[in-house]
Every structure is written in C-alpha cells, then in structure tokens.
Asker: 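This structure is in structure tokens; I'll ask about it shortly.
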Amino acid sequence: MKKKPIFIIKVLLILVFLYGAIFMVFTQSSVCGDVNNDGSADIVDALLIAQFYVGFQPVDFMETSADVDANGAIDIVDALLIAQFYVGILDNLSCTDPAEEDDKRITINFNRDWLFSDTDISNGQSPSLNESTFQNDICLPHANKIIRHRYDSDAKFRFISWYRKHFNPPASYSGKRFLIEFQGVATAAAVYVNGQLLGEHKGAYTGFTYDMTGQVRVGEDNVIAVRVDSTRRTDIPPEGSTVDYMLFGGIIRDVILTLTDPLHVDRVFVSSSSVSANSAAVNAVTRIVNTHTTQKSCTIKTTIADADGSQVGTATDTYAIAADSSYEFNHTINIAHPNLWHPDHPYLYHVTTEVLDGRVVVDDYHEHFGIRSILFSESTGNFSINGEVFKLRGLNRHETYPFIGRAASNRLQAKDAEILKYDLGCNIVRCSHYPQDPEFLQRCDEIGLLVLEEVPGWQYIGGSSWQELLLQALEEMILRDRNHPSIISFGVRVNESADNHTLYTRTNTLARQLDPSRQTHGVRRSNGSTSEFLEDVWTRNFSIPETFPNPSPWVTTETVGHNFPAHSWDDNQHLIDHLFEHVTCQSTNYRNNAIGGVLGWCAFDYNSSHSNAVDLEGGSYVSYHGVADIYRLPKIAGYFFQSQRDPDVYGPMVYITHQWANALPSNTVTVVSNCEEVELFINGTSRGRIPPNKNTELPHGLFQFSNIPFSPGEIRALGYMRGVQAASHTRHTPGSPLKLLMYPDTLTLYDSGDMTRIVVVVADEYDQVIPRASNSVTLSVSGPGEFLGESPVILEDGKTAFYVKTSARQIGTITCQARAQGMTPAEVTIEVYPSPGKYDF
C-alpha cells in the first residue's frame, strides 16, 4: 500500500521535470515551442526536446523515475515516448498564424497512398480508370519488382508499369502554384494530371519538376498518373551497349509537392570565395520566378545563420520582375571568422531567402551550405582543402541494394554514407557511375565525406539525341547538387569512354558555366594515357603513378575490383590476400605526394548483368568486387580501410585478420589498427607488443606477428595509444552453431515507407559469427511493416540481412523473427511512430 503514494510522487516529479525541460528548450527558441523554427510545434520539435532530455539527464534508473518503459535506463525509446507525450499536449499549438503560413512555401511529402500496376494499361492516365486491379497503399520509394539478392537477371524489372495517386487540395490553396518534384524514376516517366500530359522525363538518375497548377482543381479529387518505362532504353544514357550495373525500375526516390506563391524562389546557388580563417565572401545567386500576369516589385532578403541559428550576415535587394518571367539576384555577404567545412569537422551554415511582394513575405526558401576552399593543383599534383594538402582515400559506391534495387528510403541512403565514413574509413566516395540520391549527398555534407559525382554512363556514347540527354542529365545534376560542400568535382565524361572532342568540349563548358567554383574531371580506362585532356583533373582507373604524374593533377578512381574479386565466404587466406591488394594500392597513394588520391573498386558487392557477374560467377548476377558484401557487411579488407582513420577524431580500433579456425601457411598473424602499438596474446600468453612494422608509409601501418603457430583457443589483440590500452579485439576458434542473433540498424522507424536493415548471423557460445556457415534460416515480420528479403535464405559466411519497410498510416510494433533448425531463434522489435513533416492536405 505504501508503493502507491511513492508512485504518484514519482509521476508528479516526471511531470515537473517534463515541464522544466520543455520550458528550458522553449526559452532557447525564438518562437514558442517551435524548436526547429518551421512554424509550428510538431514531432520534430518533440524529438529535439527528447534529444535535450537524453543528453542532460542521469541514466541510472535507481536515481530517477523517468524510465518510461521501465527497462532500467533512460534511452532514446523513453525520449520518444516523452516526445509523444509532448506532441499530445501541444498538438494544437502553432506559433504561426494559419493565414501567414498559407502565404508561404508549403512542402508536402507525396510518398504515400500510391496505386501500382505492373501492366502497361492503354489508358492508364484516365481520371475515370477502373483501379480495382491496382495494388494500393504503396509507399515510395518503390521497386517495380522485388528480386532475389542473386541469381535474378535484369529481365525481372524490365517492363512498363503505372503509378497513380489521388489528392484533394483544400480550396484555401487556390491561387498557389503546385510544383510536383520526382527525385528519380527508372527509366522514363510520362506524368499526367487529370488525364493531361505534363511531360516525359528520360533518365533514371536525375530528378525533374513540373508545374501542374493549370491542371489541378482545388477542393476536388485529382489524380496524378505516371507511366514508368523500365525497359531497356538504348536511346537514354547510360544504355546502348553493355552496362556494368543494373538500372532497376519504378519510382525509386521521393516525390515532393511544393505549394508556392506565384512569385517564388526557383533555385539558389551558394558559393564561397576569398576563404580564410579570418573571413570569407559568400555569394548567393537567387533565381526568382514571377508567374503573375502583372509585373511585381520583388524584394529578396538573404540571411545567413550559423549552426546555432545566430545570424551572421544579411543582404537585401529589390527589382521589378515582368509578368511570366524570372530574374537572378546576386548577393555577396562577408562572414568574419567563418567556421570552415572540413571532412574532420563538417560545419554547415544555413541560408534563408525571403521573397517579398511589396511589403508582404510570400515565399521563404532554405538551404544548407559549407564555407571551404578546394583545389586540385596542376603544379603540385595534389588536392587541398582550406589551403592544406589533403590525401584522398576512398571507395566507389553503387546506389544499389539487395532485393529493392535503388528503391531505398532516405534512412538507408544516409546509412550508406555513414558506413563509408565510419565502418570503411573513407574520406571520399565516388558516385559511380551516375548522380545519386539527394539524401545520400546531404548526409555526406553532415558527416564530412567528400564526393566525386559524375554523369550517367559506362564506356558507351550514343548518337546526337543520346548526347543531348547526357547534357540534360549533366545540367540537372549540377543544378541540383552544386550547394553540397562535400562534392569537390563534377565528372563530365562517360566512365571509361572514348574521346569525343565536340561532346566533351560541350560538357566541360556547361559544367564551368553552371558552377565556376569546382574543377571538372572525366574518368578514363587504365590505358587512357592517349586520351584528350579537356577537364581540369585527370582521373584514371587502375593506374597509380609513383612519380610526378603526367598529366596533373591526378586521381586514380578505381583499383583492385574485377582484378581480384572476393566472396565473403572465401577462405581466410584469400580474404587476407584481397586486403593486401588494397594495402598495396593505398601504400602507393601515400608514397606519392604529387597525386590527389586513390579510390578502390568498390565499397559494396552489387547486382550486375556484366559477364564479370554472370559468366565468371556462375550466373549469380552479382559482382563480388566490394570490400563489403551486398548487405554492407565488411569483408576483411573493409577493416583495413577502417584502420586508416585518425584515432583522435574517429576513435581507436584494432582487428585480427586471422579467423583462428586453422593454421595459415606462413604462421604470420596480421593485425590492422590505427593505434600506436599492438600486443598479441595466444591463450592468455603475450607474443609481443610492437609498433607498425609493415607498409609504414600509410597513415597507420600494419602489425605483423611472425612465428605464431595455430593453437586452438583464444587470440586477442590489444591496441595502445600513448601507452594506455585503447582498443581490443578477441577471437575464439569457431565453435558449433548454437544460436541466431539479430542486429537492426535502428529500433525506431516512422510510418509510411521508412526502412531499416536487419542483420542476422549464426553464432557460437562466444556470440561470434561462424565463418563460412551456410545454414538455412527462416525469416518473418509481423506488425505495421513489410518484409523485403528472402525466406528461407542460405547464410553467406554465417550472415544475411533483410529490410523492413513501414506501412502507410500505421504505427505500433514490428516483430522480426529468425529461426533455424537446431539453433536458438532470434527476435527483435521495432517501434513505428507517426511520420514528421506534412503528408496530407
């Protein structure tokens, strides 16, 4: 009976704390509870409050009663529940007058409530079409066909399909412009609204926007219909000949509806010049469109804020824009003592553009950017950022995933950037061989991963109309991506293509006109020494200069790859040899200070119809060229890349390459680590503590221990920094397969199309993955989510993975289970919360 008053007191304490925490966060915001200044108090604000709560409160349940789900510690799940409480009591609180909000830009996520048919319907655009045969509740991004992670050819998704979406905008939106943006459709998209064709976009890798104002009826039902042609289109880059990757099919990126005033921002280009630690000039070129039938006196105000939201510069200008025309404003704002963007400290500023029609604000446009200077030097051959030489070390990335092709949610796109940066230790990624998802690039900006981006193509150049589409894709890529500080060069040649003086003169000219702030590059074959050099940076595959390069500046854009494929289930020695192929290339990179850097081919195994993936791989349709497998799980070579990170910035690591399952021919144990010293133990006995003794030209050389005969049991490596143990890695001789373990990338998702990866492994008594295990595992998912994968599935090197995609408008708990004969099953639960942002009218 005494517990009830104590419980009531605890609840009161929680409420007092919540009130105090919310009040403290509110006092740091300029408008009510709107922490992120988007005009209303919503789930995003709640999450920021949750972050504040988690960051500042004790984590011992015995010292506080704020453990909402009673799991013994305050964690993000509790924070989200508190956020839910916050939304519940404040869901009607808005810090912006509704009439004022209606006058400004409104962005609506248009990813849910689509219909899909995998049949080419003759009148698929008709508003009165019988939709009974369509799949409903489709959430984008969407693959037109879910395929097996191997053994399925591209014929599976080479067909024409239709997507349809109904929407009913309220009459209050009358007078606004309706702009529909498709971030990516594979490969050609004919877009209709209420039966009228808006246009057809050709190209699987760049987005497009249509103004559908004239076709939309406010206060009534409207239908968007998209005919998606995913067949082989030899008239559209990159196709026309063999392509070493699959294009996949469907509406494979986000769709966004933007509502604006007829006088609005079309785009903003932000660049920096005269950059130093003391000052920088930020130039903002803003294109304003006036779709009114009369001239408008337009004033724009450009405001730059730092990461804390403090204003650091502003500029204002006015111009009379004629009816149905546009005008570019050019503002230069000087920033004193700027925080410079750098891969190791990626600082982002925020620019806001307000558009005034007379004295009334009618549009506001937001963009992030970084202040930094970059240069590939012809005289020194190397690359520098903010005036300091910076050696490039990275990998190539294909935007392809098992099962879903390219139809990956924003969370998965961002996760790939994190894997490349943190798990694989890259400071640069090449987006091969096409423009990639905006969310991937945004995450690169946020975490400091440099990017080489290039036009779509692979070895082949088509005729004149094909070339015009290549130029269109180049323009769309640069206009979309030139504000990303992570991008250091745009690629203006089709990968490994032959010379074409006229075409590549045009691509270089166009790139320099659209973005004078970046140098161009064009990737050549390994025998490209005779190629015409029209770009600013010489980029070439499978060739690394050991002296001053000619031409200069030079970056090697592919190494290893098809020359040394490696399966995750290959024997230990082959995987170690694969590691040393990359070690050799990166050692050459670091020995030569006169080149910009070297990138390996590639980050992840990928689906392909090339002979490398078909004839040489028994019809698997997978190229096993990655330092990680198709599920993004590192092979041994992946840990070598990770070991090259700066331990003071990214943390120390140590990894034993020997799986300790049996003897290796040399009795040599290689350890990769970014520590200063490593000590090796065999069954508790030290076999020495040494500094790096192999490939010491690398930022972090390798540690090799000789005369280490195999002895079943335990092998352990300890890494030391400044004499203190900083990292460790322990292996045991693999035991029997006893249990399955599951590792989701996140335990929380949003409804309506959010996705996450769940890794499944077979483990022994030490919870270590059993190398080369190939058990059959049955997987299942229940709750408000869709299973994307294979079941049953054969493990590869003791591992597999699948994806979960949340359902439209459903929240709750997703339960994932894995079972295998003779083993303890595994289960994890994932909580699904309401999506932030605006989805519906």
Side-chain angles (χ1 to χ4, degrees), residues 154 158 160 182-191 197-210 226-249 431-436 452-482 489-516 518-525 527-528 530-541 609-610:
D154 56 3
R158 295 282 198 178
I160 294 171
F182 291 81
Q183 291 187 349
V185 181
T187 294
V191 181
L197 178 66
L198 293 182
E200 182 181 20
H201 181 268
K202 297 179 179 180
Y205 298 102
T206 50
F208 55 97
T209 300
Y210 291 128
V226 186
R227 182 179 186 267
V228 178
D229 186 351
S230 304
T231 62
R232 186 169 184 263
R233 294 292 299 265
T234 60
D235 58 322
I236 303 175
E239 297 196 276
S241 185
T242 301
V243 179
D244 180 30
Y245 48 92
M246 291 185 181
L247 278 71
F248 299 99
C431 293
S432 48
H433 304 285
Y434 39 80
Q436 301 192 1
L452 295 175
E453 192 174 35
E454 61 194 37
V455 290
W458 200 79
Q459 298 185 351
Y460 170 81
I461 299 174
S464 58
S465 60
W466 191 100
Q467 294 177 32
E468 291 302 320
L469 288 175
L470 184 76
L471 287 159
Q472 173 186 302
L474 174 64
E475 180 173 4
E476 290 169 340
M477 174 181 74
I478 295 176
L479 290 179
R480 186 195 73 172
D481 294 339
R482 58 188 178 176
S489 176
F490 286 118
V492 297
R493 278 178 77 110
V494 169
N495 174 67
E496 295 186 335
S497 59
D499 287 346
N500 187 313
H501 179 81
T502 300
L503 174 61
Y504 291 143
T505 297
R506 292 180 68 192
T507 59
N508 276 280
T509 300
L510 178 61
R512 290 162 183 153
Q513 288 174 344
L514 295 174
D515 185 2
R518 288 179 177 87
Q519 296 162 285
T520 63
H521 73 276
V523 175
R524 292 157 172 81
R525 295 182 191 233
N527 61 353
T530 59
S531 179
E532 183 180 24
F533 186 25
L534 298 173
E535 297 75 42
D536 302 308
V537 183
W538 181 268
T539 44
R540 179 172 161 185
N541 292 336
S609 295
H610 191 275

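The chain is numbered in sequence order, starting from 1. Scope of the values below: all heavy atoms of this structure, side chains included, with no hydrogens, waters or symmetry mates. All of these numbers come straight from a predicted model, not from anything done at the bench.
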Asker: Provide the closest heavy-atom pair for Leu247 versus Ala186 in the form atom of the first, atom of the second, distance.
Answerer: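 Shortest heavy-atom contact: O-CB, 3.9 Å.
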Asker: Could you check whether any side-chain heavy atom of Thr520 comes within less than 4.5 Å of a side-chain heavy atom of Val537, counting everything from C-beta outward?
Answerer: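 Thr520 does not reach Val537 side chain to side chain.
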Asker: Apply side chain to side chain contact (heavy atoms under 4.5 Å, CB included) to residues Leu479 and Asp515 and explain how you reach the verdict.
Answerer: CA-CA 8 Å; Leu479 290 179; Asp515 185 2; over 6 Å; no
Asker: Residues in side-chain contact (heavy atoms from CB on, under 4.5 Å) with Arg158, at least two apart?
Answerer: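 Listed in chain order: Asp154, Arg232, Glu239.
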Asker: What is the ring orientation for Tyr245 with Tyr205, classed by angle as parallel under 30°, tilted 30 to 60°, or perpendicular over 60°?
Answerer: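 Taking Tyr205 first and then Tyr245, their aromatic rings stand perpendicular (interplane angle over 60°).
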Asker: Going by side-chain contact (heavy atoms from CB on, under 4.5 Å), Leu534 matches just one of Asn500, Thr507, Thr509, Thr505. Which one?
Answerer: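 Answer after filtering Asn500, Thr507, Thr509, Thr505: Thr505.
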Asker: Which residues satisfy the salt bridge (charged side-chain N to carboxylate O under 4.0 Å, His left out) test with Glu200, sequence neighbours excluded?
Answerer: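 None.
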Asker: Would you please name every residue forming a ring pair (Phe, Tyr, Trp, His ring centres under 6.0 Å) with His521, sequence neighbours left out?
Answerer: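 Counting only residues at least two positions away or on another chain, His521 forms no ring pair (Phe, Tyr, Trp, His ring centres under 6.0 Å).
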Asker: How many angstroms lie between atom CZ of Arg525 and atom CG of Asn541, to the nearest 0.5 angstrom?
Answerer: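 CG of Asn541 is found 10.0 Å from CZ of Arg525.
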Asker: Looking at side-chain heavy atoms only, is the closest gap between Glu535 and Val492 below 4.5 Å?
Answerer: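 Counting from C-beta outward, Glu535 and Val492 do come under 4.5 Å.
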Asker: Check Glu454 against Ser432 and note the closest heavy-atom contact, atom names and distance.
Answerer: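 So the minimum-distance heavy-atom pair works out to OE2-CA, 4.0 Å.
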Asker: Side-chain contact, heavy-atom cut-off 4.5 Å: Tyr504 with Ser497?
Answerer: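 Counting from C-beta outward, Tyr504 and Ser497 do come under 4.5 Å.
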Asker: How long is the gap from NE2 on His433 to CG on Asn495, to the nearest 0.5 Å?
Answerer: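 Taking NE2 in His433 and CG in Asn495, the distance rounds to 4.5 Å.
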Asker: Can you name the residues that form a side-chain contact (heavy atoms from CB on, under 4.5 Å) with Ser241, not counting sequence neighbours?
Answerer: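 Partners of Ser241 under the side-chain contact (heavy atoms from CB on, under 4.5 Å) test: Tyr460.
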Asker: Using side-chain contact (heavy atoms from CB on, under 4.5 Å) as the criterion, list what pairs up with Gln472, not counting sequence neighbours.
Answerer: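 Partners of Gln472 by the side-chain contact (heavy atoms from CB on, under 4.5 Å) criterion, ordered by chain and then number, come out as His201, Leu469, Glu476.
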Asker: If you look at every heavy atom in Thr242 and Trp458, which pair is closest and at what distance?
Answerer: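 Heavy atoms only, the tightest pair is O-CE3, 3.2 Å.
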Asker: For Arg480, I'd like to know if atom CZ has over 12 heavy atoms of other residues, nucleotides or ligands within 6.0 Å.
Answerer: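 Atom CZ in Arg480 is packed in, count exceeds 12.
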Asker: Quickly, which of Gln467, Glu468, His501 forms a side-chain hydrogen bond (donor to acceptor under 3.5 Å, both in side chains) with Arg506? Name it, please.
Answerer: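 That would be Glu468; it is the only one of Gln467, Glu468, His501 passing the side-chain hydrogen bond (donor to acceptor under 3.5 Å, both in side chains) with Arg506.
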Asker: Check whether any side-chain heavy atom of Arg493 lies under 4.5 Å from a side-chain heavy atom of Asp499, and answer yes or no.
Answerer: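 Sidechains of Asp499 and Arg493: in contact.
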Asker: Taking all atoms of both residues into account, what is the closest heavy-atom pair of Lys202 and Arg233, and its distance?
Answerer: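 Looking at all heavy atoms of both residues, the closest pair is CE-NH2, 3.9 Å.
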Asker: Do the non-hydrogen side-chain atoms of Trp538 and Val523 ever get within less than 4.5 Å of each other?
Answerer: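 SC-SC contact between Trp538 and Val523 ruled out.
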Asker: Suppose we screen for ring pair (Phe, Tyr, Trp, His ring centres under 6.0 Å). Which residues come up paired with Phe182, at least two apart in sequence or across chains?
Answerer: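 With sequence neighbours excluded, Phe182 shows a ring pair (Phe, Tyr, Trp, His ring centres under 6.0 Å) to Phe208, given in chain and number order.
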Asker: So, do Ile160 and Thr231 sit near enough that their side-chain heavy atoms are less than 4.5 Å apart?
Answerer: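 Ile160 vs Thr231: side chains touch.
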Asker: Apply the test side chain to side chain contact (heavy atoms under 4.5 Å, CB included) to residues Ser489 and Arg518: give CA-CA distance (whole Å), side-chain angles for both, the deciding distance (0.1 Å), then the verdict.
Answerer: CA-CA 6 Å; Ser489 176; Arg518 288 179 177 87; 5.7 Å; no
Asker: With a 4.5 Å cut-off on side-chain heavy atoms, are Glu496 and Arg524 touching?
Answerer: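 Contact flag for Arg524/Glu496 side chains = no.
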Asker: For a quick test of reading the model, state the closest non-hydrogen atom pair linking Leu197 to Ala190 and the distance between them.
Answerer: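 Result for this residue pair: CD1-CB, 4.2 Å.
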Asker: Checking Thr206 against Tyr434 for the side chain to side chain contact (heavy atoms under 4.5 Å, CB included) test, could you report, in this order, the C-alpha distance in whole Å, the side-chain angles of both residues, the deciding distance, and whether it holds?
Answerer: CA-CA 9 Å; Thr206 50; Tyr434 39 80; over 6 Å; no
Asker: Indicate the atoms forming the closest heavy-atom contact of Pro456 with Pro237, along with that distance.
Answerer: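 Smallest heavy-atom distance, with atoms named: O-CB, 3.9 Å.
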Asker: Which value, rounded to the nearest 0.5 Å, describes the distance between Gln459 atom CD and Ile461 atom CD1?
Answerer: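 Answer rounded to 0.5 Å: 11.0 Å.
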Asker: Under a 4.5 Å cut-off applied to non-hydrogen side-chain atoms, are Trp466 and Asp235 in contact?
Answerer: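 No, their side chains stay 4.5 Å or more apart.
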Asker: Out of curiosity, His610 NE2 to Met246 CE, how far, rounded to the nearest 0.5 Å?
Answerer: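 Reported to 0.5 Å precision, the distance equals 12.5 Å.
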Asker: Could you give the distance from CG (Leu471) to CG (Leu503), rounded to the nearest 0.5 Å?
Answerer: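 Answer rounded to 0.5 Å: 6.0 Å.
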Asker: Ignoring hydrogens and geometry, is there a side-chain-to-backbone donor-acceptor pair from Thr187 to Ala204 under 3.5 Å?
Answerer: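 No.
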